[in-house]
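Notes for the one structure printed next.
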Amino acid sequence: GETTAMANLALCYEAGDGVPQDPVAAFAWTQLAAESDNSFALRQLGNQYYNGQGIQADDKAASKWYTQGAEKGDPQCANALGYLYQNGIGVKQDDLEATVWFEYAATRGYLPAVANLGECYLWGWGVEEDVAKARELLLQAANKEDVKARMTLASIYRSDKWGMADPAQALSYNRQAAVTGDGSAMFSLAYFLQHADSTPEAREEARFWYTQASLEGDDMAMNNLALLYLEAIPGEQDLAAGWRWLEKAAEAGNTLAMENLGLHYQSGKTLPKDDELAAIWLQEAAEGGQVSSMYYLGLAYHDGQGLAVDAEQARHWLELASESDHAEAAFSLGCWYRDGDGLEQDAVLALRWFQQAAKLDHGDAMAEVGQAMLFGEGCPRDPEGALIWFKKGVEAESLAAMHNLAVFYSRPMWGHLNLPAALALLQKAADADYLPSLEVLARAYLKGELGLAVNPTKAAELKRRIRELRQEL
């Protein structure tokens with residue numbers, strides 16, 4: 001009885017029940033009880049070391065106490081120990097050891113362990129992949145209201161990976177998890193409804209579940225709920241509610257919400273345009289690590305939008321974004337160095353940034369790399385290398401790459417003359433209103449170039465379209 005009393009006293013100090021709340025005292029009494037081999041205290045001490053409650057967090061110490069509890073037969077300790085082995089926390093990562101402990105806890109009826117073991121069979125973690133076994137275990141836990149099991153089943157039915165795709169079943173299991181009040185399940189359900197179903201009923205249900213998750217303090221749910229209100233179709237828009245939730249998300253530290261505030265102030269579509277406020281929110285988001293905000297902030301410094309023009313700050317923020325694999329930031333840097341736009345013109349640096357963007361699958365950057373290689377800008381001339389990059393850009397659906405490859409095929413000097421291919425590429429880019437291609441085609445029809453018959457009517461039609469696009473710009 002003495003160790004049980006110690007453990008209970010620890011709980012009183014933890015909750016402030018009859019005594020002043022004191023995590024340090026709670027830890028001290030838990031440790032005394034655990035050292036006397038009290039099963040409950042062993043688990044609690046593991047939790048305290050894992051979560052840093054009353055003591056500095058120590059994953060190795062947590063694993064030690066969970067192990068003692070598991071070896072004493074506590075299924076919750078066994079499940080926690082399995083989680084540590086699965087993720088390499090405080091112990092060497094070992095999927096096989098993880099499944100041993102999950103199975104130990106599962107056979108003692110601990111539902112979270114049943115769900116964890118099901119997930120191991122689903123993915124083949126520490127055991128041979130067995131989808132049927134996984135489904136059996138997950139259903140066992142889900143039917144007893146285990147949230148993780150229900151969410152894992154939802155993911156199985158959402159995916160084609162296991163040949164069991166069934167959106168209705170996915171929605172059903174996600175709803176079953178959400179009604180328990182689990183925040184991540186509510187968010188997941190709202191997100192699924194928002195993106196998988198365009199009916200008014202689905203949008204309304206998405207708003208409901210985002211609201212429930214927001215009320216539980218989920219700042220990303222607040223952000224998404226805000227955008228549902230702000231960017232809704234006519235009749236469903238609620239600007240006041242949208243701004244209220246977006247500001248709440250930003251005040252909670254959500255950097256994406258900060259960015260969205262900045263972009264909405266910048267555009268002036270849902271409230272009076274205010275470039276200075278936009279820059280303040282973008283700066284805060286960028287300093288908080290939001291990579292896309294670094295890009296937008298760099299553009300604001302470059303264009304003087306809400307900030308004094310500052311080429312060095314513009315370069316700084318775009319470089320930071322590029323280092324985090326933001327392709328558009330790298331491409332923009334390439335353009336600035338190519339054109340001497342705010343930065344000293346430098347073909348070598350321009351090519352370097354275009355190459356980085358191209359590696360991130362930016363089609364227009366591929367077109368620029370090809371162009372640089374074709375004309376020896378920042379590198380030796382290499383027409384064959386240029387051809388490779390133009391083709392890659394075309395595969396990425398870049399209109400600039402289509403145009404550049406068309407020009408490449410239309411000139412015999414590079415040894416790949418192919419007028420039919422050139423015309424096909426020009427026509428495809430022109431159909432997408434790419435101005436340089438429209439201009440080349442208009443001239444070709446007017447002068448009978450590229451193997452085309454002179455056709456003044458067609459040339460005039462293309463020139464009208466060019467004027468319209470220029471007026472729009």
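All values derive from a computational prediction rather than experimental measurement.
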- Side chain Gln356, main chain Ser322, donor-acceptor under 3.5 Å: yes
- Is the NZ or CZ atom of Arg158 positioned over Phe192's six-membered ring, under 6.0 angstrom from the centre and within 45° of the axis? yes
- Message: Taking Thr152's backbone N and O only, do any of them form a donor-acceptor pair with Ser155's side chain (distance below 3.5 Å, no angle check)?
- Response: yes
- Message: Between Glu395 and Lys392 (salt bridge meaning N to carboxylate O under 4.0 Å), is one present in this structure?
- Response: no
- Message: Which label fits Trp336 and His302: parallel for a plane angle under 30°, tilted from 30 to 60°, or perpendicular past 60°?
- Response: parallel
- Assess whether salt bridge (charged side-chain N to carboxylate O under 4.0 Å, His left out) is satisfied between Glu204 and Arg207, documenting all intermediate values. CA-CA 5 Å; Glu204 183 60 32; Arg207 280 191 289 271; 3.0 Å; yes
- Anything under 30° is parallel, anything over 60° is perpendicular, the rest tilted; go ahead and classify Trp123 against Trp125. parallel
- Message: Classify the ring geometry of Phe408 against Phe390: parallel below 30°, tilted from 30° to 60°, perpendicular beyond 60°.
- Response: perpendicular
- Message: Any side-chain to backbone donor/acceptor pair from Ser214 onto Met222? Under 3.5 Å, distance only.
- Response: yes
- Message: Determine whether Glu461 and Arg464 satisfy the following criterion, salt bridge (charged side-chain N to carboxylate O under 4.0 Å, His left out), listing intermediate values before the conclusion.
- Response: CA-CA 5 Å; Glu461 177 187 319; Arg464 276 195 302 272; 5.2 Å; no
- Hey, does the side chain of Glu276 reach the backbone of Gly306 with a donor-acceptor pair shorter than 3.5 angstrom? no
- Message: Under a 3.5 Å distance rule, please check whether Arg150 uses its side chain to pair with a backbone N or O of Tyr173 as donor and acceptor.
- Response: no
- Message: Determine whether Glu439 and Arg470 satisfy the following criterion, salt bridge (charged side-chain N to carboxylate O under 4.0 Å, His left out), listing intermediate values before the conclusion.
- Response: CA-CA 12 Å; Glu439 290 167 346; Arg470 284 179 174 159; 2.2 Å; yes
- Message: Tell me whether Lys273 contacts the main-chain N or O of Gln266 through its side chain, where contact means a donor paired with an acceptor under 3.5 Å.
- Response: yes
- Task: Please assess Gln56 against Asp58 for the test side chain to side chain donor-acceptor pair (under 3.5 Å), listing each intermediate value before the final yes or no.
- Result: CA-CA 6 Å; Gln56 185 174 348; Asp58 186 333; over 6 Å; no
- Message: Can you confirm whether Glu287 is buried at CD, in the sense that more than 12 heavy atoms of other residues, nucleotides or ligands lie under 6.0 Å from that atom?
- Response: yes
- Query: Should the pair Trp414 and Phe375 be assigned to parallel (<30°), tilted (30 to 60°) or perpendicular (>60°) ring geometry?
  - Reply: perpendicular
- Kindly say whether Ile156 contributes a backbone atom to a donor-acceptor pair with the side chain of Ser159 at under 3.5 angstrom? no
- Message: Is it true that, when you exclude Glu103 itself, more than 12 heavy atoms of the residues, nucleotides or ligands shown sit nearer than 6.0 Å to its CD?
- Response: no
- Message: If I compare all heavy atoms of Leu438 with all of Arg465, which pair ends up nearest, and what's the gap?
- Response: CD1-CG, 4.3 Å
- Check whether any side-chain N or O of Asn174 sits under 3.5 Å from a backbone N or O of Ala185 as a donor-acceptor pair, and report yes or no. yes
